[in-house]
Amino acid sequence: MERNVLPGYLTLHESGELAERAEAACELLGDCTVCPQHCHVDRIGGEHGFCRTGSRAMAASYGPHFGEEPPLVGRSGSGTIFFAGCNMRCEFCQNFEISQCRAGYEISSEELAGAMMRLQERGCHNINFVSPSHVVPQIITAVDRAASLGLAVPLVYNSGGYDEVDTLRLLDSVIDIYMPDAKYGRDDVALDLSHAPGYTGYMQAALKEMHRQVGDLVVDEDTIAIRGMIIRHLVLPENLANSEIVMRFIAEEISRDSYVNIMAQYRPAGRVTEEERSPMLTALQRPITGEEYRYAVRCARENRLHRGF
Ligand code: SF4
């Protein structure tokens, strides 16, 4: 499919609705329910909740990235902006210093808009917000600013899937491509390994809302993503991700045409490598086996999923 329409955020910007959405989103920061942790802290007044991020976003780095999925990378890379802090605490996080030790710097909405413009000028096919769930208000504010500066590439929302539906509704027609994780099939595992209460219900509701907004993945004549959803599923040792439950959910409640990246790159990292650990963390002390990966792929095929893996 050829790109023949401008990103929706430009239309919203021109009508003034994007500024209204930004204002509504920023109001959430005063009694924060931006994500499912529902901390109810006053981030505007200087309080911090689970994500340890205040009224300003924190960035760890930004630049063209060539390690993302091929439809995002193309020839010129995906313009990733890595946010510090996170609304989950995955014990095996490979970016532990960024997500949990907040290795980053405060960034204003103007600076964030400037970063987007520089990535577009470098030829990146999209702007890819990595770990955005706790900074949606700051992102909407910055996109409104960047739209007035000439931003025109698609926006990618690259989250852990632990997203609040009411917050996602503020992103309707702002985000072009959603790329959530579908990490777990069971809440007890999600709580132990990622400190995300009620993960499966929130993730499933979030993916349904994302899919309602953008549909299945659509690419242009150069196979670059224009719009739609890419779902990531990281295979864990001992099938701790419960891949059969996740694949059945995607097939039956999202779409059998979903683009699903079944990821094999799990390696022990973060707290998994510490001496004192729970039995579940002990199971995570090794990479996955070939059989464990093939099992996840088989689950996808048995549910007649067919794209992305
Ligand atoms: S965004 Fe941060 S402060 Fe707000 S509810 Fe989520 S974790 Fe808590």
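Remember, it's 1-based here, ligands and their atoms both numbered in the order they're listed. Just so we're clear, the structure is a prediction, and the values are computed from it rather than from any experiment.
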In short, salt bridge (charged side-chain N to carboxylate O under 4.0 Å, His left out) pairs touching residues 223-251 with sequence neighbours left out are E68-R232, E69-R232, E238-R286
I'd like to know whether R169 forms a salt bridge (charged side-chain N to carboxylate O under 4.0 Å, His left out) with D172, so could you lay out the CA-CA distance, the side-chain angles of the two residues, the decisive distance to 0.1 Å, and finally the verdict. CA-CA 5 Å; R169 289 199 181 111; D172 194 358; over 6 Å; no
May I ask you to list the residues sharing a hydrophobic cluster with F82, side-chain cutoff 4.5 Å, ordered by chain and number? V130
Measure from NZ or CZ of R118 to the centre of the six-membered ring of Y62, then state whether that distance is under 6.0 Å and the direction lies within 45° of the axis. no
Can you list everything that forms a ring pair (Phe, Tyr, Trp, His ring centres under 6.0 Å) with Y9? Sequence neighbours excluded, please. none
the protein heavy atom lying closest to atom 1 (S) of ligand 1 turns out to be R43 NH1, 3.2 Å
Which of the protein's N, O or S atoms come within less than 2.8 Å of atom 8 (Fe) of ligand 1, not counting waters? C39 SG
Rounded to the nearest 0.5 Å, how far does CD1 of I44 lie from SG of C26? 7.0 Å
